[in-house]
Every structure is written in C-alpha cells, then in structure tokens.
Trainee: 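Could you have a look at this structure, given as structure tokens, before my questions?
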Amino acid sequence: MDREQRLADVFVELADTLIDDFDIIDFLHQLSIRCVELLEVSAAAIMLALPGANLQPAATSDNRAEVSDLLALNQREGPALDCYRTGAPVGPFDVARSTPQWPAFAGQARRAGFGVVCALPMRLRREVIGSLLLLRTGAAPLSGADVRLAQALADAATIGILHQQTLRRHAALTTQLHTALHSRIAIEQAKGVLAARWGTTVDEAFHAMRRHARAKRRLLSDVAHDIVIGGFQPERV
C-alpha cells in the first residue's frame with residue numbers, strides 16, 4: 001500500500017468516532033501508533049487535560065519505563081506542557097542543544113535515547129485539549145512536511161474526540177428531555193387521580209404533591225408514581 005493510500009485510510013480511521021462502543025483510550029493509542037508508522041519518528045505520545053486539570057499522559061507508542069518517566073516530567077516541564085499552555089507548536093528541537101528551559105526533560109529524553117522532540121497542539125479553534133508529543137532518536141531534524149502532517153493528524157483526532165463528546169452530551173440531553181416529558185405525563189395523571197379522590201381542584205392536588213416531594217426530598221415523578229400505582233396520598237393542607 002502506498003503512503004498516500006495509507007494516509008487516506010488513517011484519516012478515515014481518525015474520523016470514525018461515531019460508533020456506539022467508541023473507546024477513547026484505544027483511539028488515542030491508535031493515533032500514537034499511526035504517527036510512528038507515517039512519520040519519521042521513533043515514538044509518539046498523547047497528553048490530555050480536563051478543563052481546570054493538569055496535563056496527563058493518555059497514550060503512547062512506547063511503553064518503556066524511561067518513556068513513562070519522560071511523559072510524567074511533561075506534567076511539570078517540557079514541550080508538551082508549553083504546547084498545551086500556548087496552543088502553539090513547540091519545536092522540533094535538538095534535545096542536546098536547544099532545550100535549556102527544560103533541563104530535567106532534556107536529561108530524561110537523552111536517557112531514553114531521543115535526540116529530537118516536537119510537540120503539537122490538539123486543538124479546535126480556541127479549544128486546546130492536549131498535545132501530541134513526537135520523539136526521534138538521533139539528531140536529524142523532522143521535516144516540515146512531517147510536522148505539518150502530524151498537526152493534521154492531531155487536528156483530525158481532536159475533531160473526532162470533541163464531536164464524540166458533543167454527541168454524548170446531546171444524547172444525555174435527549175434522555176433528560178425524554179424523562180422530563182414522561183415524568184410530566186405521570187404528574188398530570190397523579191394530579192387528576194388525587195383531585196378525584198379529594199373532590200378538589202388539580203391545583204390543590206399538585207401543591208400537596210409538591211409540598212410532600214420537597215419536604216421528603218423526593219422527585220415529583222416518584223411521588224406521582226406512588227399516588228397512581230400505590231394509592232399513596234400526601235398530607236392535605
């Protein structure tokens with residue numbers, strides 16, 4: 001398979017986040033593996049952050065202890081953290097010559113066998129969710145074409161993740177609305193049942209239900225269910 005076809009397949013893979021059993025960890029692991037396959041890098045890692053939280057390692061193509069230590073350092077210093085904070089690419093850098101601002105990171109990168117590092121933001125417009133860290137053995141710099149491709153992969157993955165989150169929020173909202181509508185039907189039914197029992201208005205019945213629900217810290221829909229199904233009667237005021 002030629003590189004162009006492989007690229008096309010990878011972008012389709014990154015866009016396919018609409019499946020019901022979408023697994024974000026597997027998705028991010030696949031992204032790290034694809035970066036190594038398509039780019040001239042030795043390892044790739046994805047660092048993510050929840051809103052208001054610290055940057056955390058989410059997936060990596062290299063599970064060596066030295067790489068895990070390197071990623072842990074990026075929570076305190078390093079190109080991945082700077083990239084996330086600024087929302088801008090950092091590097092590529094020659095670790096031995098161009099990283100005095102990250103002494104601990106540079107030392108750990110050398111111990112892990114890496115000579116070149118680059119971090120690219122995972123962003124959509126102004127929203128930055130993390131960074132893609134590229135690591136390469138030796139001192140030969142990454143080409144501009146590979147850096148641009150890596151950014152495109154990071155962008156595609158970010159769009160997929162945020163789209164999936166939007167779908168889940170929409171699904172949760174739909175479920176909430178569905179529950180609210182069904183609860184309203186049950187409450188209307190209970191108002192009518194209680195009003196008939198008492199020979200009063202539905203307004204009085206509703207106020208009694210509401211007072212009871214608040215006093216007992218219960219959902220109105222649960223009180224309504226007890227009235228209709230179980231014959232329960234709240235205190236009449």
Side-chain angles (χ1 to χ4, degrees), residues 11-31 46-59 75-76 80-81 83-87 121-132 154-237:
F11 276 104
V12 169
E13 183 180 55
L14 292 177
D16 188 17
T17 60
L18 305 183
I19 54 177
D20 291 337
D21 58 348
F22 173 72
D23 184 336
I24 188 170
I25 297 301
D26 182 66
F27 175 80
L28 294 173
H29 178 70
Q30 286 294 100
L31 172 61
I46 294 93
M47 308 282 291
L48 295 181
L50 294 171
N54 295 328
L55 198 65
Q56 300 282 344
Q75 297 174 253
R76 303 191 301 274
L81 181 59
C83 175
Y84 169 67
R85 286 174 171 171
T86 64
M122 296 188 68
R123 68 187 177 200
L124 179 61
R125 301 182 183 91
R126 294 185 178 182
E127 185 170 5
V128 183
I129 64 172
S131 56
L132 169 63
D155 290 345
T158 304
I159 291 169
I161 292 168
L162 294 178
H163 191 195
Q164 175 65 207
Q165 292 177 347
T166 299
L167 289 175
R168 288 185 176 179
R169 285 195 294 267
H170 177 73
L173 177 60
T174 299
T175 300
Q176 290 168 0
L177 291 175
H178 184 75
T179 300
L181 291 173
H182 277 271
S183 296
R184 186 64 185 172
I185 292 171
I187 290 167
E188 290 296 323
Q189 186 179 8
K191 284 161 57 177
V193 169
L194 198 57
R197 287 178 190 165
W198 287 350
T200 187
T201 66
V202 292
D203 282 343
E204 184 178 343
F206 177 70
H207 287 311
M209 290 168 53
R210 189 163 178 257
R211 280 193 298 270
H212 178 82
R214 286 191 168 189
K216 301 298 183 180
R217 298 183 181 277
R218 300 189 64 201
L219 296 175
L220 260 173
S221 56
D222 291 342
V223 174
H225 177 270
D226 290 349
I227 291 170
V228 174
I229 303 300
F232 169 74
Q233 290 194 104
E235 182 179 353
R236 186 176 179 181
V237 179

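In this text, all values refer to a predicted model and were calculated from it rather than measured experimentally.
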Trainee: Should we count CZ of Arg197 as having more than 12 external heavy atoms under 6.0 Å?
Mentor: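 Correct, the count exceeds 12.
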Trainee: With a 4.5 Å limit on heavy-atom distance, are the side chains of Met209 and Leu220 in contact?
Mentor: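 Counting from C-beta outward, Met209 and Leu220 do come under 4.5 Å.
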Trainee: Looking at Arg123 and Thr158, what are the two nearest heavy atoms and their distance?
Mentor: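 Closest heavy-atom pair between Arg123 and Thr158: N-OG1, 3.5 Å.
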Trainee: Work out which heavy atom in Ala190 is nearest to a heavy atom in Ile227; give both atom names and the distance.
Mentor: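 Nearest pair, atom of Ala190 first, then Ile227: O-CG2, 4.0 Å.
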Trainee: Closest heavy-atom contact between Ala154 and Leu132?
Mentor: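 Scanning both residues completely, I find the closest heavy atoms to be CB-CD2, 4.1 Å.
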Trainee: Asp222: what forms a salt bridge (charged side-chain N to carboxylate O under 4.0 Å, His left out) with it, not counting sequence neighbours?
Mentor: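 Counting only residues at least two positions away or on another chain, Asp222 forms no salt bridge (charged side-chain N to carboxylate O under 4.0 Å, His left out).
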Trainee: Please find the pair of heavy atoms, one from Val228 and one from Gln189, that lie closest to each other, and give the distance.
Mentor: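 Minimum heavy-atom contact is CG1-NE2, 3.8 Å.
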Trainee: Between atom OG1 of Thr200 and atom NE2 of His207, what is the distance when rounded to the nearest 0.5 Å?
Mentor: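 NE2 of His207 is found 10.5 Å from OG1 of Thr200.
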Trainee: Check salt bridge (charged side-chain N to carboxylate O under 4.0 Å, His left out) between Arg210 and all other residues, then give those that pass, not counting sequence neighbours.
Mentor: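 Scan of Arg210 (salt bridge (charged side-chain N to carboxylate O under 4.0 Å, His left out), adjacent residues dropped) gives none.
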Trainee: Of all heavy-atom pairs between Met122 and Ile46, which one has the smallest distance, and what is that distance?
Mentor: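 Looking at all heavy atoms of both residues, the shortest contact is SD-CG2, 3.5 Å.
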Trainee: What residues, two or more places apart in sequence or in another chain, satisfy ring pair (Phe, Tyr, Trp, His ring centres under 6.0 Å) together with His212?
Mentor: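 Here the qualifying residues are Phe232.
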Trainee: Return the CG to CG distance between Leu48 and Leu55, rounded to the nearest 0.5 Å.
Mentor: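 If we round to the nearest 0.5 Å, Leu48:CG and Leu55:CG are 7.5 Å apart.
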Trainee: Side chains of Ile187 and Phe206: closer than 4.5 Å at any heavy-atom pair?
Mentor: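 Yes, side chains in contact.
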Trainee: Specify the closest pair of heavy atoms between Tyr84 and Ser131, including all atoms of both residues, with the distance to one decimal.
Mentor: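 Here Tyr84 and Ser131 meet closest at N-CB, 4.4 Å.
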Trainee: Could you check if a side-chain atom of Val223 sits within less than 4.5 angstrom of a side-chain atom of Lys216, using non-hydrogen atoms only?
Mentor: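 Val223 does not reach Lys216 side chain to side chain.
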